[in-house]
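Only one structure is covered here, and it is reproduced in the block below.
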There are 2 protein chains.
Amino acid sequence: MTPPPAARHRTASEQVGSALLDAAQAVLDREGLSAVSVRAVASEAGVAPMGVYNRFQNKDGLLIALATRAFGALKDAVGTGDPVEDPLGRFREGCRAYRTFALRYPQQYRLMFTGVESLASPSPAAEHGSATLQVLVDTIDVAVQQGILRTEPVQAAQVVWNAIHGAVSLELANLHVTLKRHGFDPAETYDRMLEVLIDGLR
Amino acid sequence: MTPPPAARHRTASEQVGSALLDAAQAVLDREGLSAVSVRAVASEAGVAPMGVYNRFQNKDGLLIALATRAFGALKDAVGTGDPVEDPLGRFREGCRAYRTFALRYPQQYRLMFTGVESLASPSPAAEHGSATLQVLVDTIDVAVQQGILRTEPVQAAQVVWNAIHGAVSLELANLHVTLKRHGFDPAETYDRMLEVLIDGLR
DNA sequence: TGTTCTAGAGAACGTTGTTCTACAGAGTTC
DNA sequence: GAACTCTGTAGAACAACGTTCTCTAGAACA
């Protein structure tokens, strides 16, 4: 007896995009970027693979949307550069939140900075990374206004971003082995780095 | 009239490995990592695709060998941490050489740190990156011995590596747009960063 | 010349990203 | 309710990829 054809399931149009994004994020977090294929994501979302092309133009479009979402989450995690009484405390807090996010969502962090190669149009990192940089600029600016730091905020913010992005990237790439072999804790080293930067910016 | 079968060309055994490596490097430098396929590399090398499997076990093995070679080149570029009269000069010189290498061979730099995901065995970066770190450790150690810097060399070297790797990575990812928009030069910012680090390590 | 080693040629397989066609679910209009 | 429109699903097809396998033949050696 031939089994009846499988009933077709149809997701409401407004939900296909978010279903695909949620699914892509789940697959990414669970199995890494190499497992994020169009079919795997569509299957995870319970929609047809063509949905990726209908909604995001192609696979890269999906990854870009995913990275964009992650950048938003990072910016939320880092907080704001609004004026506070203790700008250096805010600075440290924001930088730590940056690292915490990356360690909690390593696959997303990798996707954000190296997952999508787009030569024709600006990469998602170029478009959205500046929001995080702006928080750094604002935070440093407050400290400068209060005379705590003596530096030009934009360039200093870039220097700080260089350092924290590098720290997190090397840690995610398991490149703190020598450090650990000498008995140093990565989190403590990260804090030490922040203090070095602050001292260098006075 | 059927054309005669193409004459078979056979590369000497000792040369297949290096021919594949040279070819892979050429394809990588010219077209980026996504163009480095087994067939493309074999074709570029004038050998059969099976050569990749005969010599490097699989594609990843080839990429690992390529990254290993690049790490060697980077270490050569950075120079040594031998004692010199002007350790901070040596430090700056080595850090600049690091950036110069990455900007000259962006695709290789990307391959070195993010091109091969190996979960079971240590990544090429983990195995070979420490040679570069050791140069930093030695350089900083000389400065410490001479009383110029006051810091623990291993942790400080990791901090410096964080910063320069981050700087170079963000630059390669075109994430210096805000900086440039404010009229800052990336090379000058890199030097500024080195000075911030040195000041913070005194 | 015969034997051994091994690289080249080519095919095959499963998977991937992408495109295309046909079908059908859902909503709207008459 | 029937017809029409919009659009998501199912499935096929294609080229390319990484990989494995088989057969042939080039190279070296005895």
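Order of the sequence lines sets the chain letters (A, B, ...), proteins ahead of strands, with each chain counted from 1. When reading the values below, keep in mind they use all heavy atoms of this one structure, side chains included, and skip hydrogens, waters and symmetry mates.
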Could you tell me the separation between the [atom1] atom of [X] and the [atom2] atom of [N], rounded to a whole number of Å?
X	N	atom1	atom2	result
B:Lys59	C:dT15	NZ	C1'	14 Å
A:Leu62	C:dT18	CG	C1'	14 Å
B:Tyr53	D:dT20	OH	P	7 Å
B:Leu33	D:dC17	CG	C1'	14 Å
A:Asn54	D:dC6	CG	P	16 Å
A:Asn58	C:dT16	CG	P	17 Å
B:Leu20	C:dA7	CG	C1'	11 Å

**Message:** Can you identify which nucleotide, out of C:dG17, D:dG18, C:dA7, has its nearest atom closest to the A:Ser37 side chain?
**Reply:** C:dG17
**Selected nucleotide, minimal atom distance to B:Met50 side chain, candidates D:dG8, D:dA10, D:dT20** = D:dT20
**Asked** Does the ring centre of A:Tyr190 sit less than 6.0 Å away from the ring centre of A:Tyr98?
**Response** no
**Message:** How long is the straight-line distance from CG of A:Leu28 back to CG of A:Leu66, given to the nearest 0.5 Å?
**Reply:** 5.5 Å
**Prompt:** Among side-chain atoms of B:Thr189 and A:Gln158, is any donor-acceptor pair under 3.5 angstrom?
**Reply:** no
**Request:** Using only heavy-atom distances, determine whether the side chains of A:Arg69 and A:Ser18 contain a donor-acceptor pair under 3.5 Å.
**Result:** no
**Message:** Return whichever of B:Ala40 or B:Gln57 has its heavy-atom-nearest nucleotide of DNA chain D closer to the 5' end.
**Reply:**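 Taking each residue's closest nucleotide, the earlier one in sequence belongs to B:Ala40.
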**Request:** Map A:Gly51 and A:Arg39 onto DNA chain D by nearest heavy atom, then report which one ends up closer to the 5' terminus.
**Result:** A:Gly51
**Message:** When both hydrogen-bonding distances must be under 3.5 Å and the geometry is Watson-Crick or G-U wobble, what is D:dA25 paired with, if anything?
**Reply:** C:dT6
**Asked** Hey, does B:Val47 reach any base, or is it just sugar-phosphate, or nothing, if we go heavy atoms under 4.0 Å?
**Response**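 The answer is sugar-phosphate, as B:Val47 gets under 4.0 Å only of primed atoms, P, OP1 or OP2.
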